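First comes the structure, then the notes that go with it.
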Amino acid sequence: MKARASFFGLAFLAVLVAWTWFAVWRLSSANARHDENLADLDALISARAELEASVLAARAGILQNFDAINRSVRSLRAASGLASSLRSQGREYAPAADIVDHEADTVKNEEAVIERFKTNLALLRLASRSFPGAADALSYCDDARVPTAADAGVSTAVPDAGTNGAPAPCERLARKVALLRTDVEVYVDSPRREVAERSEHDIQALEELQSELDPARQGQVGALLGHARAILDHRPRVDLIARDLVTSTGRADGRAAFEEFERVARHDSAMEAALRIAAAELLALFVLLLGALVWRTRWR
Amino acid sequence: MTPSSLAAALRLAFVAVVANACERPAPPARAREDVAASTPTPGPWGGPTVSPEQAVLPLPPAPKVDRQRAKLGARLFSDKSISADKSVACATCHPLDRGGADGLSHSRGVGGAETALNTPTIYNATYNFRFNWNGQFPSLQAEFDAPVTKTMKTSWLAIRDKLEADPTYRAAFAAAYPDGVSEANVKDALARYIDTLVTPNAPFDQYLNGDLDALNVQERRGYESFVELGCSTCHQGANIGGNLFQRIGVMRDYFRERVENGGPQVGPSDDGRFTVTKNPADRHVFRVPSLRNVALTPPYFHDGSAPTLEHAVKTMARVQLGRTLSPEQVDSIVAFLETLTGTVEPGP
C-alpha cells in the first residue's frame, strides 16, 4: 500500500516536473525574441536621434546633403511593422505596441514635414548663396556705361541720369541694393520681425526703381528680389519646421516604448527564472524521493 | 554517490539554471552602415577624404543581395511575356545597354500607349528616397504597381497565374522563396535585381575618393561651377539627386517658357507632387532626378523636353537659378556631368 502511494507520489512529481519544464520552454522561446525586439526598439530610438541631429546639422549648414535624413526616415518607417510584431507576442505587450504605433503615426505625419524642410532648406541655401553675388553685380554699376530704360526707348518718363540734381538710376539702385543687402544679412543673422519689415520696404523701393532700368538690369534686380524674398520666406519656415521636428514626441515615444517593453520583458524573465528554480527543485525532490525509495526497497 | 555530493551537484545545477535565467541581454550592436555613414572615408589614393557631410558623395558599392532572388528578378525584368500582349517588359523602357532609360521623351507601353512622363533611368534607383517623378511610392515594391497596370496593362493576379503555369518559373520561385510564386515574391525578386543595378566608380567618384587626376581641368571647373552656382543644393547626396522634392521654375516660369517655345500646354502630368498630396503648394514640384549616368539618358526633365545636356543645363540655370550661363560654363558643367557615368556592376 505504502509502495503504491510512493509510486503515485513519484509519478505526480514527474508530471509536475515535466509541466514546469514545458512552461519554462514556452517562456524562454518567447523571451528569446526579447533581444531582437529590444534591438529593434533601440534602432528606432537611434534613428530618431539621428534624424534630429541631421535636421539640426543640415539647418546649421554643417550637413550639406540629405542622405542621412532619408536614411533615418527609412529606419523610422519600420515602426509600424515593429508594433505589429510586439502585439503578436501577447496581451501584456499591447501597451508597448500602442506607443510604437503612435510613433509610427507620428513618423507618417512627419514625412511630409521633413520633405517640406528639405525643399525649403534647399531653396534657402540657393538664395543665400546667390544673393550676395546678385547684390554685388548691381552695386557697382556705372550710369555712363549702363543704358537706362529711357535710352532703350522703354519709357520716356525716366529723368536723365544726373542732370537735374537727382541721383542717377544706377546710383540710386546701388544705394537701395546696399540697404537691402544690409537688412537681409541682418535678418539672416537675427530673424526679427522689424528687420523683415525693413527688408520688405527695401524690396518695394527696388521694385519701384526697377521700371526705370534697362531690361538687362531689370532682370538682375528681379533675380535679386527673388533671392531676397526666398530668404525672408524660407528662413523662418525652415527654422519652425526644424524646431517642430526636434521637439517632436517621437523620441519620447521611442523611449517610453523601450521602457514599457523592458518592464514586461523583465517580468517575463523573472517568471522564467522562478519557474526554472521551481523545476530544478522539483527535479531534485523527485531524484531524492526516488533514491530514498530505491534505498528502502534494497536494504529492507 | 554520497548524499553530500548529490546535494553539491544539485546546488551547482541550481546556480547554473538561475544564472542562465538572469543573464542580461547584450546591448544591441549599432548597424554597420550607421557607423560607416558617420566616419569619413579615406581616399584610397591617399588624397582628400570624403566627409559624409559634403553635398555630393561617392556612390557606395552595390548592397549585398540574395543572388538567387536577384537572378530571378533579372529574368522577370526582361520577360515580355508578363505584359498583357507579351510585347513589353521592364527592360523595354529601361534598356540596360542605354543607361537604363529608353531615350524617348515618353515611353510606349502595350498598344503603343505613351507614358505621361519621361522614363527615368533604372540604374541606382535603389538609392532614391522615393519613386516616380511625383514621389508617390516610398519603396520599389510599391512602385511596381504603376508600370504593371499602366504600361504593361496587366495585373499581379494575371502575372502570378502566368508564372505559376511556367514550370521553370515555378521551380525558380520554389528554390528562392519558401512560399513559391506570389505577388510579394515577384516584387521582391525584381527589387533585389534592381538593387544590383548600380554604377559606382565613375571618374567623379574616383576624384572624390582622392584620385585627383580622374578629372581634367575642364571637368573640375565644371564641378566647381556646379557647386558655386548652387546646382548641388538640390542635386546632392550619393545619387547626386533623387533625395528631395523641388519646384521646377524657382526663378522663372518653366511652363510659360515651354509653351512660348512651342512646347505642349500645361497638363495634369505637369502637376507633379500635387497629384499625390492635393496641396496647391506642391503643384509643379517633382522629385529631383539623379544625375548619375545623365550623359547616357537624354531627353531630360519630367516631360522629356530637353534633347541634350547643353539644353538641360541652360534651362535649369535659367529657371532654377535665375542665371544665364556663358558657353564656357555650360561646356564645363556638361563635361563634369559626363564624368558621372559609372561602371555597370556585373549581373547577379
Side-chain angles (χ1 to χ4, degrees), chain A residues 24 28 34-36 38-43 46-47 50 57 62-71 73-75 77 111-112 115-116 118-119 121-127 129-130 133-134 219 222-224 226-227 230 265 269-270 272-277 279-281 283-284 287-288 291, chain B residues 1 3 6-7 10 13-14 16-18 20-31 33-34 37-38 51-57 127-130 135 138-139 228-230 232-234 236-239 243-247 250-252 273 277 279 281-282 285 288 320-324:
Chain A
V24 167
S28 67
H34 286 172
D35 285 2
E36 198 186 314
L38 280 172
D40 289 345
L41 285 163
D42 193 60
S46 299
E50 198 195 341
I62 299 163
L63 185 63
Q64 293 288 317
N65 68 72
F66 299 142
D67 283 2
I69 294 178
N70 292 338
R71 207 170 33 242
V73 170
R74 210 171 284 153
S75 306
R77 279 185 199 150
E111 274 205 49
E115 291 318 323
R116 275 211 304 281
K118 292 190 296 183
T119 302
L121 184 57
L123 289 173
L124 177 62
R125 281 180 181 167
L126 186 61
R129 186 188 291 272
S130 308
L224 178 79
H227 296 315
S269 293
E272 186 190 336
L275 277 172
R276 275 178 192 268
I277 292 167
E281 282 176 345
L283 185 65
V287 170
L288 279 173
Chain B
M1 185 182 271
L6 181 68
L10 278 171
F14 281 6
V17 166
V18 172
N20 185 23
C22 297
E23 197 181 353
R24 298 292 307 136
R30 248 188 116 191
E33 58 174 313
D34 290 350
S38 60
S51 155
E53 284 94 17
Q54 70 189 42
V56 184
L57 302 168
Y127 296 118
N128 289 339
F129 81 114
R130 279 185 165 268
S139 67
E228 277 169 16
L229 289 168
S232 64
T233 53
C234 294
Q236 40 122 310
N239 215 5
N243 66 353
L244 76 149
F245 293 110
Q246 197 51 274
R247 174 181 313 285
V250 170
M251 297 299 288
R252 295 169 79 119
R273 188 115 184 97
T277 64
N279 178 355
D282 286 336
V285 170
V288 174
Q320 298 299 94
L321 309 174
R323 306 257 192 154
T324 304

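Computed from a predicted model, the values in this text were never measured in an experiment. Numbered from 1 within each chain, the chains take letters A, B, ... in sequence-line order.
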Identify which of [options] forms the greatest number of heavy-atom pairs closer than 4.5 Å to chain A.
options	answer
B/R247, B/R273, B/R130	B/R130
B/Q246, B/Q320, B/R323	B/Q246
B/L57, B/V288, B/L244	B/L244
B/A281, B/S232, B/P138	B/P138

If you look at every heavy atom in [X] and [Y], which pair is closest and at what distance?
X	Y	answer
B/Q236	A/F66	OE1-N, 2.8 Å
A/A122	B/T233	CB-O, 3.7 Å
A/L126	B/G230	CD1-O, 3.6 Å
B/F129	A/E115	CE1-OE2, 3.1 Å

Q. Which residues pass the salt bridge (Lys or Arg N to Asp or Glu O under 4.0 Å) test with B/R252, sequence neighbours left out?
A.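 For B/R252 the salt bridge (Lys or Arg N to Asp or Glu O under 4.0 Å) partners, ignoring immediate neighbours, are B/E257.
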**Q.** salt bridge (Lys or Arg N to Asp or Glu O under 4.0 Å) against A/R77, all qualifying residues, sequence neighbours excluded
**A.**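 If we apply the salt bridge (Lys or Arg N to Asp or Glu O under 4.0 Å) test to A/R77, skipping adjacent residues, the hits are A/E111.
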What part of [X] gets closer than 4.5 Å to chain B, counting heavy atoms only: side chain, backbone, both or neither?
X	value
A/L275	neither
A/A68	neither
A/R125	both

(Q) Quick one about A/D67 and B/N243 (side-chain donor to acceptor, distance below 3.5 Å, no hydrogens or angles considered), yes or no? (A)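 A pair is found: one side chain offers a donor N or O, the other an acceptor, under 3.5 Å apart.
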**Q.** Most chain B-contacting option - heavy-atom pairs closer than 4.5 Å, from A/L121, A/N65, A/V73
**A.**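 That would be A/N65.
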Q: Report the C-alpha distance between B/F245 and A/K118 in whole Å, list the side-chain angles of each, state the deciding distance to 0.1 Å, and finish with yes or no for side-chain contact (heavy atoms from CB on, under 4.5 Å).
A: CA-CA 8 Å; B/F245 293 110; A/K118 292 190 296 183; over 6 Å; no
